[in-house]
Amino acid sequence: MISNEAKNGRFGEFGGQYIPETLMNEIHKLEEAYEHYKNDPEFVAELDKLNREYAGRPSLLYYAEKMTRDLGGAKIYLKREDLNHTGSHKINNVLGQVLLAKKMGKTRVIAETGAGQHGVATATAAALMDMECEIFMGEEDTIRQALNVYRMELLGAKVHAVKTGTRVLKDAVNEAMREWVSRVDDTLYVLGSVMGPHPFPTIVRDFQSVISKESREQILEVEGRLPDVVIACVGGGSNAIGSFYEYIKDDGVRLIGCEAAGKGVDTPENAATMANGTKGIFHGMKSLFCQDEYGQIAPVYSISAGLDYPGIGPEHAYLAETGRAEYVPITDEEAVRAFEYLSRTEGIIPAIESSHAVAHVMKIAPEMSKDSIIICTISGRGDKDVAAIARYRGVDIYE
Ligand SMILES: *Cc1c(COP(=O)(O)O)cnc(C)c1O
């Protein structure tokens, strides 16, 4: 068994705190506050109440009987994070972080967003908990995701279009980090995935590990044993680490992360960090990144905006290096087929991100025995993706 507790903010050699001196003090305060509140019964009870009464937890562990029969192998269970308030696992993390910000005496939260999902979730939690909220979003993304910009504004947030770099997610992270440095007194940066400097990868993982805490209890209750395989999609890696975490100590449970291969891992258009990435330091952490020979972060591509990040969380880099988890690339075409398949077979339209995990279930379930069990996390619902999938199939509809 390997230990996965961060030591000095590191998972093996990955992680760490590569940040400007001016932020060090604030990061230490955050570390201290988190260490205190995570064991504070009042904080734990408040978060639990928010999870139950606001987010709708526990999420269902659904036995996909038709899919199981159709694929003809392993029993398939779906962990339904798509049923959470705001439609994905992101709410698990933002409720925790915004509550933490409030306890720390902050009155303002900021966040980065790519497609807008983490921005919408943060704006939601900020509205609920009476916090000022500002969201940084690449200018390109504000144009592509105009509906989410309006949604965040409806929720009372201010959206900044970031005009630096390539004007996408990685630039939004840079800008949010810069903004935080310039105003730490009343502000907490609510990071959207298991990335960035320590303690963010640990904080986000802990808030997301509610997924595997529940699924472990649920599967033990219905099947009387642990699953053989747990599968989740990986962008930065927060729904995957949340889905894996409680099983890391169970050597018999295979953990599989599905990353975005876009048009193929050997084409320039993908976001497959595990397949193509190399070690580097970016966004405050040491991890694996898609980069060129000079260490410049490479432009990445996926049909799924939520998996379109040029790096991966440090704990995943460590799980891959130690062999505890496996990571597989899934192409756009495979994900779109899985999106359509789950919709038709079970009447569940998954997010295109989650469809990457479903695609891998479709590959391995038929080859597994009928008494084996797979748990696949459906990280979000697919309503947001319907127009893009239609476009992919050559059908033009209004968004
Ligand atoms: C944001 C998002 C992802 C990717 O983020 P992770 O941190 O890798 O989980 C996956 N699925 C959905 C539905 C998302 O909104």
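Just follow the structure's listing: the first ligand is 1, and inside any ligand the first atom is 1.
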Count I, L, V, M, F, W, Y as connected when their side-chain heavy atoms are under 4.5 Å apart, and connections chain through other members. Are Leu319 and Ile375 then in the same cluster?
yes
Assess, by modelled atom type and distance only, whether the side chains of [X] and [Y] contain a donor and an acceptor separated by less than 3.5 Å.
X      : Y      : result
Gln208 : Tyr245 : no
Glu259 : His356 : no
His160 : Glu175 : no

For His118 and ligand 1, answer yes if some heavy atom of the residue is under 4.0 Å from a ligand atom, otherwise no.
no
Pull out every atom of ligand 1 sitting under 4.0 Å from any heavy atom of [X], numbered as shown with elements.
X      : answer
Gly235 : 8 (O)
Cys233 : 10 (C)
Ser193 : 6 (P), 7 (O)
Gly380 : 13 (C)
Gly237 : 6 (P), 7 (O), 8 (O)
Asn239 : 6 (P), 9 (O), 10 (C)

Residue and atom name of the nearest protein heavy atom (relative to [atom]), distance in Å to one decimal:
atom                   : answer
atom 2 (C) of ligand 1 : Lys90 NZ, 2.4 Å
atom 6 (P) of ligand 1 : Ser238 N, 3.3 Å
atom 4 (C) of ligand 1 : Gly306 O, 3.2 Å

[X] versus ligand 1: do any nitrogen or oxygen atoms come within less than 3.5 Å of each other?
X      : answer
Ala351 : no
Ser354 : no
Ser379 : yes
Gln117 : yes
Val194 : no

Whether [X] and [Y] hold their rings parallel, tilted or perpendicular, with breakpoints at 30° and 60°:
X      : Y      : value
Tyr318 : Phe11  : tilted
Tyr34  : Phe207 : perpendicular
Tyr63  : Tyr77  : tilted

Going by heavy atoms in the side chains, are Thr187 and Glu179 under 4.5 Å from each other?
no
Can a salt bridge be assigned to the pair Lys263 and Glu333 using a cut-off of 4.0 Å between side-chain N and carboxylate O?
no
How long is the gap from OG1 on Thr166 to NZ on Lys170, to the nearest 0.5 Å?
3.0 Å
